[in-house]
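Remarks on the structure that follows.
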2 protein chains.
Amino acid sequence: MNMIEIARGKETSATRAAYLLVRDMILTGALPAGEKIKIEALRKRLDMGASPVREALSLLTSDMLVERIDQRGFRAAPASHANFAEILKLRCALEDMALRQSIERATPEWEERLVLAHHHMNRAKESATFEDAHKAFHRALLDNAASPMMERYCSQLYDLNIRYRNLAASEKTYQRRDISTEHAEIFEAAVQRDADKASTALLSHYRLTGDYLAKQLAGLQG
Amino acid sequence: MNMIEIARGKETSATRAAYLLVRDMILTGALPAGEKIKIEALRKRLDMGASPVREALSLLTSDMLVERIDQRGFRAAPASHANFAEILKLRCALEDMALRQSIERATPEWEERLVLAHHHMNRAKESATFEDAHKAFHRALLDNAASPMMERYCSQLYDLNIRYRNLAASEKTYQRRDISTEHAEIFEAAVQRDADKASTALLSHYRLTGDYLAKQLAGLQG
DNA sequence: ATGTCAATAAATATCGATATTTTTGAAAGG
DNA sequence: CCTTTCAAAAATATCGATATTTATTGACAT
């Protein structure tokens with residue numbers, strides 16, 4: 001049973017299966033940035049009708065992973081240095097706000113969720129589930145802001161950033177910096193409910209990663 | 001010839017026509033907040049197949065004007081005080097950033113665009129085109145930030161706010177405050193390239209309008 | 001009355017075929 | 001040699017019909 005059948009089996013609707021699969025294809029670069037997405041080819045590859053594919057692509061527009069051009073179909077969102085810089089800037093602004101709001105509303109329950117998310121991430125080091133655990137940790141940090149729109153924006157920006165990480169990873173070098181120390185710093189500050197310290201640590205984490213990635217992305221136009 | 005035919009004639013694709021029409025229906029309240037949107041009914045009303053309607057609704061999901069629930073269709077995004085407060089907060093944060101960036105990059109060309117936008121808005125006072133001119137003025141303020149994602153977010157949030165204004169307008173009272181003075185203040189500060197002053201004026205404009213609307217929206221849950 | 005269950009009705013999701021539009025590529029003209 | 005033009009090919013957009021899923025109703029038991 002291949003990935004497509006698994007996704008179709010698990011997910012209730014063909015549209016949702018297509019959404020998740022295409023999303024993954026764009027994030028991993030299987031559908032390269034800026035490239036035209038041909039409905040017919042995708043339709044066959046995913047083994048479903050054109051309607052759910054089109055609908056999935058329309059939904060991916062929300063996430064700024066797909067661009068829709070009236071009467072001439074869809075394309076994977078282009079990647080550029082300028083776009084990457086914009087994502088970094090917006091992330092810093094929004095996550096600063098979300099994290100402060102999260103800490104402001106801190107409860108023992110949130111603290112426990114955070115402890116677990118951090119633990120799971122450390123546990124998953126080097127494993128295939130690390131990416132998921134990492135995302136879950138970052139999500140848990142902001143969760144408590146109880147601000148659905150902000151969460152949505154942050155989640156979208158996280159994914160867009162992952163895409164650039166994957167783009168950079170296809171270049172030769174690998175991350176050297178000790179990420180887990182940075183995560184621990186953010187985590188400790190959040191648990192201590194020190195918003196300034198936590199935010200500073202989080203933003204510095206993003207900016208360091210950003211600088212690092214920007215260097216790897218030298219082959220990008222824009 | 002009715003509105004639908006006009007929209008279909010002007011717009012190249014049925015999907016785009018549906019997108020604009022349904023968007024308008026939600027912003028004006030013709031499709032009430034939180035209400036289920038039945039494909040078949042819309043399909044007949046817009047006189048087109050189900051596919052473009054579904055696709056338009058999927059696109060409106062980007063704008064947070066429509067919610068999609070797998071296997072049980074679409075609904076107009078619910079409205080609540082909490083949601084309204086969130087929109088206001090995000091607008092303030094993002095537009096502050098965008099306006100400062102816009103002013104930082106100020107050029108004579110931008111200044112001229114701003115002058116015109118402000119003039120058109122004043123000219124359109126009391127006219128049916130005021131809403132468009134008002135939106136154009138606010139857009140022009142942020143335009144020069146040259147940050148497509150930020151512009152998109154700001155534009156989305158502007159529309160979401162308009163929806164609440166329309167919701168409030170259906171209540172009895174009307175705006176008393178002198179809006180044009182506030183606009184003039186923002187405008188003058190921007191032209192003087194005083195970012196702090198401009199941002200303060202803009203945010204105060206939003207917060208005053210926000211407070212005013214919040215009072216009108218007493219009939220809302222949440 | 002109240003809750004459950006099955007049968008029915010309604011609505012969504014999806015398919016396959018067709019109409020429209022854009023793209024391609026080769027021939028003609030400057 | 002470069003542009004323009006037009007027909008063929010390819011791709012998108014849309015429709016109408018059908019399969020699936022969810023919601024409703026009313027009979028029946030508690």
Side-chain angles (χ1 to χ4, degrees), chain A residues 2-23 25-26 30-32 34-62 65-78, chain B residues 2-23 25-26 30-32 34-62 65-78:
Chain A
N2 63 32
M3 192 112 73
I4 293 167
E5 282 160 359
I6 291 168
R8 290 210 60 168
K10 267 182 193 161
E11 299 307 326
T12 44
S13 71
T15 297
R16 181 147 180 79
Y19 172 81
L20 292 173
L21 286 165
V22 176
R23 187 164 165 280
M25 288 163 85
I26 294 176
L31 283 176
E35 195 152 292
K36 186 160 192 352
I37 297 175
K38 284 179 192 154
I39 304 283
E40 186 61 12
L42 246 188
R43 191 196 74 67
K44 276 177 186 154
R45 188 159 165 198
L46 304 186
D47 187 37
M48 56 178 72
S51 316
V53 174
R54 291 185 63 85
E55 213 165 307
L57 290 172
S58 294
L59 289 170
L60 283 164
T61 280
S62 318
L65 287 171
V66 165
E67 279 184 4
R68 187 199 144 88
I69 310 155
D70 215 53
Q71 224 76 8
R72 62 194 65 168
F74 301 87
R75 67 161 60 197
Chain B
N2 63 32
M3 192 113 74
I4 293 167
E5 281 160 359
I6 291 168
R8 288 209 63 169
K10 268 185 193 160
E11 299 307 325
T12 44
S13 71
T15 298
R16 180 147 182 80
Y19 172 81
L20 293 173
L21 286 165
V22 176
R23 186 164 166 280
M25 288 163 83
I26 294 176
L31 284 176
E35 194 152 293
K36 186 159 192 349
I37 296 175
K38 284 179 193 154
I39 303 284
E40 187 60 14
L42 246 188
R43 190 196 76 68
K44 276 177 187 151
R45 188 159 165 198
L46 304 186
D47 186 38
M48 55 178 73
S51 317
V53 174
R54 290 185 64 86
E55 214 165 308
L57 290 172
S58 294
L59 289 170
L60 282 165
T61 281
S62 318
L65 288 171
V66 165
E67 278 183 6
R68 187 199 143 89
I69 311 152
D70 216 53
Q71 224 77 6
R72 60 193 68 170
F74 301 87
R75 66 161 59 195

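Letters A, B, ... mirror the listed sequences (proteins, then strands); counts begin at 1.
The residue among A:Ser51 and A:Asp70 whose nearest nucleotide of DNA chain C is located toward the 5' end is A:Ser51.
B:Arg43 places its CZ atom 12 Å from the P atom of C:dT12, with the value rounded to the nearest Å. Between the P atom of C:dT14 and the CG atom of A:Asp47 lies a distance of 13 Å, rounded to the nearest Å. If you take CE of A:Met48 and P of D:dA19, they are 19 Å apart, rounded to a whole angstrom. Whole-Å rounding puts the A:Arg72 CZ to C:dT23 P distance at 4 Å. Spacing between atom NZ of B:Lys36 and atom P of D:dT22 amounts to 12 Å, rounded to whole angstrom units. The CZ atom of A:Phe74 sits 15 Å away from the C1' atom of C:dT21 (whole-angstrom rounding). Here the P atom of nucleotide D:dA19 and the CD atom of B:Gln71 are 17 Å apart, to the nearest Å. Atom CD in A:Glu40 sits about 17 Å away from atom P in D:dA9, given to the nearest Å.
Between the side chain of B:Arg43 and the main chain of B:Met48, a donor-acceptor pair closer than 3.5 Å is present.
With the end axes of the helix from C:dA1-D:dT30 to C:dG30-D:dC1 each set by five pairs, the angle from one to the other reads 20° at 10° resolution.
A:Ile37 comes within contact range of the sugar-phosphate backbone alone, with a heavy-atom separation under 4.0 Å but no base atom that close.
Of all the heavy atoms in B:Lys36 and B:Gly73, the pair that sits closest is NZ-CA, 4.3 Å. Listed here is the closest heavy atom pair of B:Ala76 and B:Leu31: CB-O, 4.2 Å. Among all heavy-atom pairs drawn from A:Ala56 and A:Tyr19, the shortest one is CB-N, 3.5 Å.
Of all nucleotides listed (D:dT12, C:dT14, D:dT21), C:dT14 comes nearest to the side chain of A:Ser13. Closest to the side chain of B:Thr15, out of C:dA13, D:dT14, D:dA23, is D:dT14. Among the nucleotides D:dC15, C:dT14, D:dA13, the one closest to any side-chain atom of A:Arg68 is D:dA13. Nearest nucleotide to the side chain of B:Arg54, out of C:dC15, D:dT12, C:dA13: C:dA13.
With 3.5 Å as the limit, one finds a donor-acceptor pair spanning the side chains of B:Ser62 and A:Ser62.
Ion pairing between a basic and an acidic side chain is recognised when a charged N comes within 4.0 Å of a carboxylate O; A:Asp70 and A:Arg68 show such pairing. A salt bridge is absent between B:Arg75 and B:Glu35: the closest approach of a Lys/Arg side-chain nitrogen to an acidic carboxylate oxygen does not fall below 4.0 angstrom.
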